[in-house]
Amino acid sequence: MSPTSETAKGGRRLVIVESPAKAKTIKGYLGPGYVVEASVGHIRDLPKVAAEIPAKYKGESWARLGVNVDQDFQPIYVVNADKKSQVNKLKELLAESDELFLATDEDREGEAIAWHLQEVLKPKVPVRRMVFHEITKDAIQAAVRSPRELNKRLVDAQETRRILDRLYGYEVSPVLWKKVMPRLSAGRVQSVATRLVVERERERIAFRSAEYWDLTGTFATGRTGDATDPGTFGARLTTVDGRRVATGRDFGSTGTLKEGSQVLHLDETAARELAAALEGAAFSVRSVESKPYRRSPYAPFRTTTLQQEASRKLGFGAKSTMQVAQKLYENGFITYMRTDSTTLSETAVAAARAQVTQLYGADYLPEKPRMYAGKVKNAQEAHEAIRPSGDRFRTPAETGLTGDQFRLYELIWKRTVASQMKDAVGQSVTVKTGGRASDGRDAEFSASGKIITFHGFLKAYVEGADDPNAELDDRERRLPQVSEGDPLTAREITADGHATKPPARYTEASLVKELEEREIGRPSTYASIISTILDRGYVFKKGTALVPSFLSFAVVGLLEKHFGRLVDYDFTARMEDDLDRIAAGEAQSVPWLRRFYFGADEAGSGAAAEAGNGDGDHLGGLKELVTDLGAIDAREVSSFPVGNGIVLRVGRYGPYVERPAPPAEEGGKPEPGQRADVPDDLPPDELTVELAEELLAKPSGDFELGTDPETGRKIVAKDGRYGPYVTEILPEDTPKTGKNAVKPRTASLFKSMSLDTVTLEDALKLMSLPRVVGTDPASGEEITAQNGRYGPYLKKGTDSRSLEREEQLFTLTLEEALEIYSKPKQRGRGAAKPPLKELGTDPVSERPVVVKDGRFGPYVTDGETNATLRRDDDIETLTPERGYELLAEKRAKGPAKKTARKAPAKKSAATAKKAPAKKAPAKKAAAKKTAAKKTTAAKKPAAKKTTAKTAKKAAAKSSSAADGTE
DNA sequence: CAGTGAGCGAGCTTCCGCTTGACTT
């Protein structure tokens with residue numbers, strides 16, 4: 001039953017694959033009668049943001065998660081916004097078809113995509129599941145002939161994974177917003193990736209270097225060198241009086257020899273003395289040892305190895321490697337680039353072998369094709385290895401490619417061809433030579449060389465190495481032809497000093513490699529994992545190295561301490577095992593999720609046994625961990641001792657060092673202590689006590705403006721929490737506490753001024769504020785002009801009036817001031833402003849509805865209920881109906897939310913009232929500074945949010961403090 | 001992380017895995 005005979009019957013089939021490029025290729029293999037279209041990846045998912053949650057679930061407590069945790073973790077699926085048009089297209093095509101083939105990838109995600117397609121398209125025609133692992137005509141036609149059923153268990157496993165990731169991400173991230181900084185994130189993959197980078201940095205910080213010395217000698221045979229025999233060779237000192245000389249490997253991370261080590265540790269003096277004593281000594285060859293050398297080619301590329309090699313050889317980052325590969329794939333030059341398989345199809349093997357014979361000759365071709373078994377533990381092998389496409393590989397020159405695409409193609413081509421070539425073989429030789437020093441000590445030197453007699457695959461491809469020294473591995477090194485007993489002359493013997501080095505930082509490529517080995521992440525996500533941790537500010541790049549920020553130390557520290565199980569390196573691996581059992585029908589999704597989320601209280605229950613990833617009797621669920629946050633001390637998780645009593649703290653505006661002030665006297669207010677900003681890009685292992693002292697001694701970012709001629713004090717301009725300001729430096733002996741405390745005069749810059757242009761004159765003028773404008777003849781009260789939180793204002797006793805312009809602080813006359821005071825106080829600029837739009841009368845409250853502009857942007861109000869416009873709403877096009885709808889929504893959820901929130905806050909009712917007062921100050925300046933520091937998008941909302949969280953935190957803190965004293 | 005004087009509506013951030021264009025700079 002060939003496809004063509006089916007066509008003759010007039011049946012029309014719709015085949016859906018994941019990728020458009022794949023659809024194009026397959027179309028050619030199936031011919032007429034088949035319509036091949038792509039789903040373009042997943043088409044449905046849990047709602048990502050609040051706006052995507054269907055209205056009917058909006059009031060539910062779990063709606064935020066998109067998963068009904070109270071009812072068997074029922075997920076809410078919505079068609080992805082960017083896939084709606086594609087889904088419609090598929091629906092139309094299906095309407096004209098007699099049969100549907102779901103030909104998505106044969107792995108967990110692919111099976112799920114097929115299931116979602118079936119759910120969304122609701123086909124009325126027969127549905128078949130069709131799978132293939134290579135895109136060749138034979139494979140595709142065979143796949144069409146032998147379809148199978150959808151594997152619902154595999155879909156269950158995927159859904160379980162999806163829900164777990166959602167619960168983890170959307171429950172733990174908010175903990176970070178509350179305890180560290182808004183907009184941060186946590187997730188099964190990114191948090192472990194960040195932890196790896198942080199732990200490596202911790203090792204580097206703890207590392208103590210060791211210095212050790214040895215000798216290098218140049219030995220001559222007495223013969224003149226030629227092409228096959230160099231005549232001389234270099235060798236390194238290995239033993240003295242039979243005792244091995246220490247090398248880097250003999251030292252631990254503490255800078256001392258490893259426990260129980262018997263090796264000889266030479267320092268500079270000892271090395272130089274020995275070198276001198278060996279001068280003129282007679283040497284001879286003690287042994288010549290020859291071993292066969294054999295090396296097999298590397299497996300063809302999969303995603304991670306491609307990323308590693310492109311990084312080492314071409315200097316590409318993971319993201320650009322994938323972008324270039326995507327182009328090559330789309331234009332038909334290579335097979336699919338997101339794969340965990342190293343398997344080549346039969347066609348590919350044949351093509352590679354043909355090319356080996358053609359380019360290198362039959363001598364380089366092994367008798368049988370080489371097979372590469374998958375080394376990746378959780379590999380799903382839905383695709384082939386990454387290789388040149390087609391049944392005949394185009395040489396790089398034949399492709400007509402240029403630039404990065406050419407270079408990446410060449411790399412892939414070489415690696416693929418080399419993978420079907422013979423081993424490289426040769427001999428490795430070790431020559432030992434010894435002599436007696438003038439002081440009687442015996443010194444032995446060793447040299448090793450390698451001769452390759454048959455290059456095999458090395459003709460085509462040599463793998464790059466992260467460590468440049470290791471790259472020499474594949475190179476030849478010839479030693480002179482010597483035999484035991486041959487006399488040698490030591491031409492030169494030099495003492496060399498070495499130091500042990502801390503473990504290297506991860507690069508993008510080595511981190512991806514580590515993640516793959518630990519079964520964390522998938523080929524389609526490796527590049528984006530890097531992007532995520534870079535975007536969040538958890539790591540930054542210094543050259544190719546990934547350096548963790550202090551922020552990541554705080555975040556990882558918190559997660560390790562309070563969510564240890566979730567950032568365990570084996571968490572994902574265990575999850576994979578459990579998912580496999582779900583896919584095999586040996587375990588159930590719901591009990592597994594229940595145990596993860598609600599914990600397992602009933603010991604030995606079926607659920608506990610099935611989840612299988614805990615060790616204790618009682619396993620606290622995620623929900624419990626994120627509900628009770630009292631145990632997480634925000635200050636503690638963001639503080640790290642540096643030494644000398646100095647603490648590094650991660651603040652909302654970046655890292656800073658602090659030397660806490662001495663404890664406050666009885667009843668006195670604690671002093672803030674001495675602080676200094678730490679550059680955002682300072683690698684944590686470079687923050688020494690010395691550097692911290694230096695930073696504290698010379699606060700960074702100060703602009704010295706000069707000296708106040710009247711007081712002799714230094715005047716500086718700084719960037720503070722509330723924006724740029726000027727202040728004076730008080731003499732060291734000024735009392736800062738107690739009764740006679742003197743505070744420095746400070747003043748915010750006017751908006752027209754900037755830190756780098758402000759002059760001493762400006763500063764002195766600003767610091768002269770508040771200015772006495774005059775006395776109100778009516779009351780005898782003094783009227784002053786000053787600059788405050790809300791801008792310039794006049795003050796008379798407790799009565800204040802805002803001024804329009806900052807300059808008025810200096811120019812306003814008493815008459816003008818009295819004029820202002822003669823008018824009633826104008827409250828709030830919003831009140832004076834006319835509404836942005838009038839919408840008519842609300843059907844429920846029967847009040848006029850208008851759109852106003854407020855602190856949080858435009859909102860609709862009927863004078864009683866207020867509702868902020870949503871992201872998609874536009875003032876211009878907003879209809880009255882939409883306005884009523886927003887108000888109705890707000891009325892519906894308003895009271896429910898209030899009671900829900902009040903319940904846990906009972907204890908702190910008294911302190912909670914104070915919070916709003918504290919809330920305001922940080923607002924304006926926080927916005928400014930955040931905007932200045934962060935270059936990423938969406939600055940304003942982030943800064944505004946800070947306010948609320950800070951206030952809440954303050955309230956929470958004071959309440960817990962109060963609890964403590966009871 | 002400076003220190004001041006009012007009053008006003010919250011809503012959103014975030015996960016991992018599949019896939020590409022459609023957007024704007």
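These numbers come from the heavy atoms of this one structure, side chains and all, not from hydrogens, waters or symmetry mates. Lettering of chains follows the sequences in order, A, B, ..., and the numbering in each one begins at 1.
- For A:Gln86 and B:dT20, the shortest distance from a side-chain N or O to OP1 or OP2 is not below 4.0 Å.
- Using a 4.0 Å heavy-atom distance criterion, A:Gly110 is classed as making no nucleic acid contact.
- The phosphate of B:dG17 (OP1 or OP2) has a side-chain N or O of A:Arg188 nearer than 4.0 angstrom.
- Counting distance only, with no hydrogens placed and no angle test, the side-chain atoms of A:Arg166 and the base atoms of B:dC15 include a donor-acceptor pair under 3.5 Å.
- Residue contacts for A:Ser528: at a heavy-atom cut-off of 4.0 Å it reaches no nucleic acid atom on any strand shown.
- A salt bridge links A:Arg64 with A:Glu171: the closest approach of a Lys/Arg side-chain nitrogen to an acidic carboxylate oxygen falls below 4.0 angstrom.
- For the side-chain hydrogen bond (donor to acceptor under 3.5 Å, both in side chains) criterion with A:Glu109, the lone passing option out of A:Gln380, A:His42, A:Arg162 is A:His42.
- Remark: A:Thr746 is not in phosphate contact with B:dG3, judged by side-chain N or O atoms under 4.0 Å from OP1 or OP2.
- Ring stacking is absent between A:Tyr168 and B:dC15, as the pair misses the limits of under 5.5 Å between centres and under 30 degrees between planes.
- Heavy atoms of A:Glu171 sit nowhere under 4.0 angstrom from any nucleic acid atom.
- Across all strands, A:Asp45 comes closer than 4.0 Å to base atoms (heavy-atom distances).
- At the heavy-atom level, A:Leu167 lies nowhere under 4.0 Å from the strands shown.
- Checking the phosphate oxygens (OP1, OP2) of B:dG17, no side-chain nitrogen or oxygen of A:Arg44 falls inside 4.0 Å.
- Where A:Tyr329 and A:Lys48 each meet DNA chain B at their nearest nucleotide, the meeting point lying more 5' is that of A:Lys48.
- Within the 4.0 angstrom heavy-atom criterion, only backbone atoms of the sugar-phosphate kind lie near A:Gln326; the bases stay farther away.
- The residue A:Pro174 sits close to a base: some heavy atom pair falls under 4.0 Å.
- A:Lys22 and A:Asp105 are joined by a salt bridge, as a carboxylate oxygen and a charged side-chain nitrogen come within less than 4.0 angstrom of each other.
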